[in-house]
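Presented below is the structure to which this report refers.
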Amino acid sequence: MSRIADGVTRPAPITVEIDGAMVPAHPGETLAAVMIAAGAYRMRDDRSGAPRGLLCNMGTCSECFVWIAMDGAWRRRRACLTLVSEGLCIATQEGQP
Amino acid sequence: MIDIAIIGGGPAGQAAARQTLGAGLSTTMIDEQARPGGQILRQPPAAFAVKGWMAGRLYRPLRRLLAQTEADIRLDWRGGTSVAGIERIEDHFRLTLSGAHGGTLLARRVLIAAGCYDMPVAMPGWTLPGVMSAGAVQTLLKSQQVVAGQPIVLLGSHPLLLVLATQLLDAGAEVAAVLMPQTYGRMARAVLPYLAGAIFTPGPLIAAGAAMARLRRAGVPMMMGARPIGFTGDGRLEAVDYAWRGQVQRIAAQAAAVSYGFLPQSDLPRQIGAAVRWARPAGGWETVCDGAMRSSIPGLYVAGETTGVAGADAAMAEGEIAGIAMALDAGVRPPSGMARAQARRARLQPFIDLLRAAADPGEVWPQATPETLLCRCEDISVAQVEATMAQLSPMADASAVKHRCRIGMGLCQGRSCEHALVRRIAAARGCDPDAVTPFRMRFPARPIPIDEIIG
């Protein structure tokens, strides 16, 4: 796994949903870190349908925009700045799943 | 109305806050990250415990400053918050914030210490998931304690790659290779004029030597003179292509970390109309300031990479200078130490010049193809940009090209592509990039939900 285990203590895992799959995450982690740790490098598609992923990991480039279900609507957020929470539902395409 | 708003919680902002708080000025610090530290000390989540985090000797002064900042209850810390807008209204400033502490903030003085970001360099396949900036790979490691992928290839002209390679090895990652396009001879010639001066700040030079020895022991190929060509893969990165001794080579990789230098964050200074100039050698726009870090806008100060990429030690010194200047200009009893901080900043310059010369991507810039996307937000290719430029007068500035083909009109506000467009216009005109008028930086500086603005 790509999470460093040696010398790192994390809070007990929670679960988030990414494109319909249940993925483990730890409170405090960013969505980008959780997706990369799960091998989910694709975070959105461009106009031609080509996949895109994390580029700067500091909120500057906006490449890592994903869709998040919030208050009954899909909102776009930068995955690198968004922290996970229990049951968070993430989609890499609008309104999916 | 507060006395001081500091944009950026890195070394520059923290050093400034110590001065302004010490002078009794109410101080608010805003940062997009949840915790202070900046990118250099991007902290793990508060709920994590990480043994020996950033324990290296070179980080010690930064860690001490961070501990002092976090312990200072006078500081109004607003993490998880983006600054989308900055305006000057009569004798004060209005900041428009988004995120955890959204809303507006009125301040008598503002320090922009917003740092820098990895220069995005367009090359074939660079939009494939798995191709990241070196900074992204490093902050995933430092903060999230996640390895971005393995095997991982590190490539580019910046010696930061050596530091990153050792950090990845420490994390147990499989580093496939470090590919640097400049030869040993070229780098030696570039740094030679600065060596004598840099000997007074030997720490980073010793660290670079130790890093190279560490890579050798670990069996990681460190290839100087290996020119990165591009990235290939089906839906995600699978391999990196590079030229080595006249042959095209391919090396398998799940992730790649790219570093050709850093660009100052310049959107907020430019939005409010502060004077900027082209940064050398890596490019982008650095904000002009006087010896006390005052920008061309009265009441607006700049420090750290915003004034030109120079590293964390210079940022600490500049932040201290800016903090002292703000206290002086506010008319409160001035803290002493201005001359000492300025001397400390001056002593760092030879090493900064050395690093800039060593990292200079000038002659070893990777080649984009006509299909390569230059603007990653609006999906505008090199061919589209060249065709647009051909239709316009050679004197057309960056905004004219933007209006015609949408380059730079996307969510990143041109932070990824503008530097490349400015270089292309300058090359076509045969002029210096500083003579090209860049995009106008508009509100909002960060992508923010529309309902946050209309409330």
Side-chain angles (χ1 to χ4, degrees), chain A residues 1-14 25-65 68 70-71 73 75-84 92, chain B residues 32-34 39 42 44-53 80 82 99 115 117-118 120 126-133 135-141 143-150 170-173 235-237 254-255 258 265 373 376-379 410-413 415-416 446-447 449:
Chain A
M1 281 310 290
S2 59
R3 282 187 180 86
I4 300 167
D6 219 17
V8 183
T9 312
R10 296 174 171 84
I14 56 173
H26 296 273
E29 289 183 331
T30 64
L31 265 180
V34 168
M35 292 177 81
I36 281 173
Y41 284 82
R42 175 180 148 275
M43 296 180 179
R44 67 178 182 100
D45 292 337
D46 67 17
R47 288 174 176 75
S48 73
R52 296 291 187 85
L54 187 71
L55 177 65
C56 81
N57 195 35
M58 53 184 279
T60 296
C61 74
S62 298
E63 278 287 328
C64 66
F65 258 91
I68 296 173
M70 286 169 78
D71 312 323
R75 310 296 298 265
R76 295 188 80 193
R77 288 290 183 275
R78 288 170 282 178
C80 68
L81 291 179
T82 307
L83 303 184
V84 292
T92 56
Chain B
E32 291 193 295
Q33 294 300 322
Q39 301 302 327
R42 182 115 150 234
F48 282 32
V50 180
K51 231 165 120 184
W53 181 76
S82 307
Y117 59 103
D118 297 78
W126 76 308
T127 54
L128 280 171
V131 180
M132 305 175 208
S133 72
V137 172
Q138 198 177 31
T139 48
L140 278 172
L141 206 55
S143 171
Q144 297 286 311
Q145 303 292 315
V146 163
V147 172
Q150 48 185 337
D170 288 343
R236 62 188 270 185
L237 177 67
Q254 187 183 37
V258 183
Q265 297 274 10
L373 292 186
R376 299 177 58 122
C377 298
E378 295 294 307
D379 306 346
L411 286 169
C412 90
Q413 288 258 32
R415 283 184 288 269
S416 293
R446 289 293 184 274

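Here is the naming used below: chain letters follow the sequence lines, and residue numbers restart at 1 for every chain.
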Just verifying a value: how many Å separate [X] [atom1] and [Y] [atom2], rounded to the nearest 0.5 Å?
X	Y	atom1	atom2	result
B/Leu237	A/Tyr41	CG	OH	9.0 Å
B/Met132	A/Cys64	CE	SG	11.0 Å
A/Cys80	B/Gln33	SG	CD	7.5 Å
B/Glu32	A/Arg78	CD	CZ	5.0 Å
B/Asp118	A/Leu55	CG	CG	8.0 Å
A/Ser48	B/Leu373	OG	CG	7.5 Å

Considering only heavy atoms and a distance below 4.5 Å, find which of [options] pairs most often with chain A.
options	result
B/Cys412, B/Gly410, B/Gly99, B/Ala49	B/Ala49
B/Gly235, B/Pro447, B/Gly130	B/Pro447
B/Leu141, B/Leu140, B/Val258	B/Leu140

Can you give me the closest heavy-atom contact between [X] and [Y], atom names plus distance?
X	Y	value
B/Gln144	A/Thr30	OE1-N, 2.9 Å
B/Pro129	A/Gly53	CG-N, 3.9 Å
B/Arg42	A/Met58	NH1-CB, 4.0 Å
A/Cys61	B/Ser416	CB-OG, 4.0 Å

Heavy-atom contact with chain A under 4.5 Å, split by part of [X]:
X	answer
B/Val50	both
B/Ser143	neither
B/Gln145	both

Review point. Going by the side-chain hydrogen bond (donor to acceptor under 3.5 Å, both in side chains) test, which pairs reach into residues 50-64 of chain A, not counting sequence neighbours?
Key: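 Passing the test, one end in residues 50-64 of chain A: A/Arg44-A/Glu63, A/Asp46-A/Arg52, A/Arg52-A/Glu63, A/Arg52-B/Asp379, A/Asn57-B/Thr139, A/Thr60-B/Gln265, A/Glu63-B/Arg376.
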Point to revise | Counterpart residues, side-chain hydrogen bond (donor to acceptor under 3.5 Å, both in side chains), relative to A/Glu29 (two or more places apart) | key: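 side-chain hydrogen bond (donor to acceptor under 3.5 Å, both in side chains) check on A/Glu29 returns A/Arg3.
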Check your understanding: Short question: side chain of B/Arg236, backbone of A/Ala40 - any donor-acceptor pair under 3.5 Å?
Key ->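 Judged by distance alone, no pair lies under 3.5 Å.
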Point to revise | Portion of A/Pro27 that has a non-hydrogen atom of chain B nearer than 4.5 angstrom | key: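 Contact with chain B: backbone only.
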With a 4.5 Å heavy-atom cut-off, do [X] and [Y] have their side chains touching?
X	Y	answer
B/Phe48	A/Pro11	yes
A/Ile4	B/Val146	no
A/Arg75	B/Pro449	yes

